[in-house]
Chemist: 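Attaching a single structure in structure tokens format; questions to follow.
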Amino acid sequence: MVRRGLAEHVIDRKIAEVAVEHPRAVRRHIEGDLDFAARLAGRTVTGVRRRGKYLWLELDEAGDGSDAVLAHLGMSGQMLVAAADRPPNSHMRVRVRFADDGPQLWFVDQRTFGGMSIHPLVAAAGGGLLPEPVAHIGRDPMDPAFDLDAAVAGIRRRRTELKRALLDQTIVSGIGNIYADEALWRARLHGIRPTEKLTRAQGRAVLAAAAEVMDAALAAGGTSFDALYVNVNGASGFFDRSLDAYGQEDRPCRRCGTPIRREQFMNRSSYSCPRCQPRPRTHH
DNA sequence: AATGAGGCCTGGTTGC
DNA sequence: TGCAACCAGGCCTCAT
């Protein structure tokens, strides 16, 4: 929805000027903020694409092949289309002004985990032209070209714990800590289950559950462009109310009534139902 | 090579 | 009331 909203507003528009208002936002553009701004001026946006938490604008040819401006949203980043006279956002990081003096493109990011950078487009293993830093990111479960069986095979090939594999964006993208906990709850699996003992059916179930959760979140929060605003906890208001596991410590499981437990995992909190999602008898 | 731990960041919340 | 400590998390770097 972010991608579609952006596409409607920026495709075929020519960039006039780019202001980097927080240098950290372009730290991954190794040539620096001046180069970042200079290389975008005069370019026309030809496409908007997404993979996982990455979003990029394809640009018209610069003479040395195709490139794109890549945005990573981190956990608090947003791409906003804003009227030129709108009061500036206090977390403004990059502002793009177009030659038509119409609505601007704002990259806004409270926690500055996200950022923007310019990269050539390269052919990815799974098909398509992608910015180089994104080439290793897998498709997400909602992508029409997502290959469920290949993703299950990828997870089962790993020698790790299930939740780690779900959070690894190279196999399947778009699953963060919240979606992982929700998908595991729906599939009745504990996150520390060893991937090599996962059955194909269990693998398909947890990925199908992840797709359901993403669908629900998108349907709830993605209807209008400004409504894609994601709050500090990474969940939209509606989605927050529809969580079954994440953040529900001590609340009764919606299936069996057992209080949801919280555990530390990968320096993060994980939530699960002790009864529906028993820990495997042995692990590691 | 593959896997895992730690760090980056800011603002809201919690605890003293 | 004021302040410090804590917490959130996507992904990059570094160690093993």
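We name chains A, B, ... by the order of the sequence lines, and we start the count at 1 in each one.
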Chemist: I'd like to know if the side chain of D181(A) and the backbone of Y271(A) have a donor-acceptor N/O pair within less than 3.5 Å.
Modeler: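 Here the side-chain-to-backbone pair exists.
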Chemist: Near DNA chain C, which residues from residues 266-273 of chain A have a heavy atom under 4.0 Å away?
Modeler: R268(A), S269(A)
Chemist: Measure the shortest side-chain to side-chain distance between L121(A) and P131(A) over non-hydrogen atoms and say whether it is less than 4.5 angstrom.
Modeler: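 Counting from C-beta outward, L121(A) and P131(A) do come under 4.5 Å.
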Chemist: Between atom NE2 in H22(A) and atom C1' in dC9(B), what is the gap in whole Å?
Modeler: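 Going from NE2 in H22(A) over to C1' in dC9(B) covers 9 Å.
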Chemist: Between atom CZ in F265(A) and atom P in dG6(B), what is the gap in whole Å?
Modeler: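 So the CZ-P distance, F265(A) to dG6(B), works out to 14 Å.
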Chemist: Return the value, rounded to whole Å, for the distance between atom CG of L166(A) and atom C1' of dC11(C).
Modeler: 16 Å
Chemist: Would you compute the distance between atom CD1 of I15(A) and atom CZ of R97(A) and round it to the nearest 0.5 angstrom?
Modeler: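 One finds 11.5 Å between CD1 of I15(A) and CZ of R97(A).
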Chemist: Determine: side-chain N/O of H91(A) to OP1/OP2 of dC9(B), distance under 4.0 Å, yes or no.
Modeler: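 No, because none of the side-chain N or O atoms of H91(A) sits under 4.0 Å from OP1 or OP2 of dC9(B).
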Chemist: Starting at CG of L55(A) and ending at P of dG10(C), how long is that distance when rounded to a whole Å?
Modeler: 16 Å
Chemist: Which is true for R93(A) with a 4.0 Å heavy-atom rule: it touches a base, it touches only sugar-phosphate, or it touches nothing?
Modeler: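 If one applies the 4.0 Å heavy-atom cut-off, R93(A) turns out to touch nothing in the nucleic acid.
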Chemist: Ignoring backbone atoms, test whether T160(A) places a side-chain nitrogen or oxygen under 4.0 Å from the OP1 or OP2 oxygen of dG4(B).
Modeler: yes
Chemist: Do E161(A) and M266(A) come close enough that some side-chain heavy atom pair is under 4.5 Å?
Modeler: no
Chemist: Starting at CZ of R111(A) and ending at P of dT10(B), how long is that distance when rounded to a whole Å?
Modeler: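 Taking atom P of dT10(B) as the reference, CZ of R111(A) is at 11 Å.
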Chemist: Could you tell me the separation between the CG atom of L167(A) and the C1' atom of dA5(B), rounded to a whole number of Å?
Modeler: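 Between C1' of dA5(B) and CG of L167(A): 14 Å.
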Chemist: With the threshold set at 4.0 Å, does a side-chain nitrogen-carboxylate oxygen contact exist between R50(A) and D140(A)?
Modeler: yes
Chemist: Report the residue from N177(A), T195(A), D168(A) that forms a side-chain hydrogen bond (donor to acceptor under 3.5 Å, both in side chains) with K163(A).
Modeler: N177(A)
Chemist: Does the side chain of R164(A) get closer than 4.0 angstrom to OP1 or OP2 of dG10(C) through an N or O atom?
Modeler: no
Chemist: When the distance from CG of N177(A) to C1' of dC7(C) is rounded to whole Å, what number comes out?
Modeler: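 So the CG-C1' distance, N177(A) to dC7(C), works out to 12 Å.
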Chemist: Please report the distance, rounded to the nearest Å, between CE in M92(A) and P in dT10(B).
Modeler: 17 Å
Chemist: If you pin R158(A) and R27(A) to their nearest nucleotides in DNA chain B, which one's is more 5'?
Modeler: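 Of the two residues, R158(A) wins.
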Chemist: Using only atom types and a distance under 3.5 Å, with no angle test, would you say the side chain of H29(A) pairs donor to acceptor with the backbone of I118(A)?
Modeler: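 At least one qualifying donor-acceptor pair exists.
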